[in-house]
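Here's the structure we're looking at; comments come further down.
Because the structure is predicted, anything quoted here is derived from the model rather than measured.
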Amino acid sequence: MSGVPRIVIIGGVAGGASAAARARRLSENASIVLLERGPHVSFANCGLPYHIGGLIADRAKLLLQTPQSLKARFGIDVRVRNEAIAIDVAARQVVARNLVTGEEVREPYDALILSPGAAPIRPPVPGVDLEGIFTLRNLEDMDSILARAAHHPEGRALVVGAGYIGLEMAEQLRHRGLAVTLVERLPQVLAVADAEMAFPLQEELARQGVDLHLGRSVAAFEGAGAGLVAVLDDGMRIACELAVLSVGVRPETRLAQTAGLALGSIGGILVDDSMRTSDPHIYAVGDAVEVREFVSGEPALIPLAGPANRQGRIAAEVILGRNSRYKATQGTAICKVFGLTFAMTGLSESALQRKGIAYKRIYVHPADHATYYPGACSITLKLLFAPGDGRILGAQAVGATGVDKRIDVLAVALRAGLTVYDLEDLELCYAPPYGSAKDPVNMAGFVAANVLRGDVELWEPEELAGLGPDQVLVDVRSPQEHANGAIPGSRLLPVDDLRGLLPGLPVDKEYLVYCQVGLRGYLAARILAQRGFRVRNLSGGYRRYALWKGTHTTAASCGCAQPMDAT
């Protein structure tokens, strides 16, 4: 862009504030105006639940930048409580209204960046606008929830929706001492996860005293004195003092639509890889835009702070003459639920099924660090990969510690186009307090590569309903483990005794073997296969079965390492 560009940015926080700062770093001469309808231009919205719970005690720490700090350091003209109400595309002007004085002004632009974000959805049910029912988007919402909670310190809070924000709010309201009921219309928490990977989170919620209602939705709210009553779709009535709605977000596209900008196929603002909209002088970033999902290449709405920051930076660079491009979103995310952590990257199994993408899956349950060093806890790690070349398609993990490290490694591997064979070769940090010589990421690579090389074939828990007369279900664990819990109908053949038992095994049967976490089952499968038997192993072993069945033990779900299988 030649001359002295005038850049107007609508909306602050992640996308808008990042764009403004990057634009100034690239050009001391550019005129930069940032319009924000709220009172705060840059705040840590991901930290809002943790201030409600008291973990972040100082509210001021959530304010990342102020109009004054942005003016002092970057020379940016920030105008809070100024709402952009229209865009005159032909004249290249934004009509902005001062929400304090009511005055309207026209701001000319050479380049315009839209960063309106996404608004929390308020479901259209009777009574949803009653006092005491909140959504959480900004500091004002946070303050209102805090005030209500402080007024009812021993009351009950209802959280509607068990996505990331809903789970965080349930945890933090419990930390405040409130009783918490969590209602989710789906049969599991955290819809982005696969059901068996979300199950440990559900057990953890129950263990921490959260009253969980899955497969239910709120049909209406009613006032009840100083409180509320939520009426569920099955007729159940839940009394509470406050309710937090966390049923999803909707991209704010009104301004873009009225300006005639094109929307994408799923309702977000349509942009190219330089973040340019259908108007060559207007760019859009953040939660309001459609992005390309990394694995499938399909359009997606993925409201995450990291991508919004990068998009704001890219828009500023393109405006100021750099050849920057946004390279899709892979949906890497993480969530803390009391003592457990869930994280994922790429597509889930359910998403791959919806999109018709072929895949294979494996499960491992290694410890987060060497088991002989105190405090080791197991991680349940699910890896999804292409059946042909082994390209990584997605990964999910849940456990007490070490989850973030492994998903971050796998997120980089996915972004780099690595395969499961590459995971075998990754050289990762090892010392007993931090990991193992064979890191969980390596282990996932070993198991997946064994499948692709034909070293082992797998069977799935879904097959149990239709076992034939020529199939034998075999538990290769110890007698004590078998007695403590086994898959119904399985025959005990401990792996350490297996070679001596081979003469008594019919060769015309198929043996479906399993152990505790998959390793001994693999060893048994190799013994049997090399003796001419038809055999398949259960990836993830009995723990995988328990997750699938939804009846696994407290010890397994809390993530504590089990000494049953060396990994």
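At a cut-off of 3.5 Å, with distance as the only test, no side-chain donor of Arg415 or Thr332 sits close to an acceptor on the other residue.
The backbone N or O of Gly268 sits less than 3.5 Å from a side-chain atom of Glu290, completing a donor-acceptor pair. In this structure, the side chain of Gln311 engages the main chain of Gly286 through a donor-acceptor pair within 3.5 Å.
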Practice task
Test side-chain hydrogen bond (donor to acceptor under 3.5 Å, both in side chains) on Arg156 and Thr181 and set out the steps.
Solution key: CA-CA 7 Å; Arg156 175 169 296 276; Thr181 297; 2.7 Å; yes
Exercise for the section: Would you check, one step at a time, whether the test side-chain hydrogen bond (donor to acceptor under 3.5 Å, both in side chains) holds for Tyr514 with Asn537? Expected result: CA-CA 6 Å; Tyr514 73 92; Asn537 183 35; over 6 Å; no
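The only option from Glu204, Glu171, Glu168 that meets the salt bridge (charged side-chain N to carboxylate O under 4.0 Å, His left out) definition with Lys336 turns out to be Glu171. A side-chain contact (heavy atoms from CB on, under 4.5 Å) with Val398 is found for exactly one of Thr380, Leu190, Thr341, namely Thr380.
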Identify all side-chain donor-acceptor contacts of residues 40-58 below 3.5 Å with residues at least two apart in sequence or on another chain.
from: His40; atom 1: NE2; to: Glu140; atom 2: OE2; distance (Å): 3.3
from: His51; atom 1: ND1; to: Ile56; atom 2: O; distance (Å): 2.7
from: Asp58; atom 1: OD1; to: Ala60; atom 2: N; distance (Å): 3.0

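Other residues, nucleotides and ligands contribute only 12 or fewer heavy atoms inside 6.0 Å of the CZ atom of Arg185. In this structure, Arg137 places its CZ atom where more than 12 heavy-atom neighbours from other residues, nucleotides or ligands lie under 6.0 Å away.
Partners of Ser350 according to the side chain to side chain contact (heavy atoms under 4.5 Å, CB included) rule, which considers only residues two or more places apart in sequence or in another chain, are Asp194, Ser348, Arg354.
Of the charged side-chain nitrogens involved, none lies within less than 4.0 Å of a carboxylate oxygen, so that Glu241 and Arg176 do not count as a salt-bridged pair. Under 4.0 Å is where a charged nitrogen must lie from a carboxylate oxygen, and between Arg520 and Glu481 at least one such pair does. Salt bridge status for Asp368 with Arg406: absent, with no side-chain N to carboxylate O gap under 4.0 Å. No salt bridge links Lys355 with Glu293; every basic N to acidic carboxylate O contact stays at or beyond 4.0 Å.
Using a 30° and 60° split on the angle between ring planes, Tyr545 and Tyr542 fall in the tilted class, from 30° to 60°.
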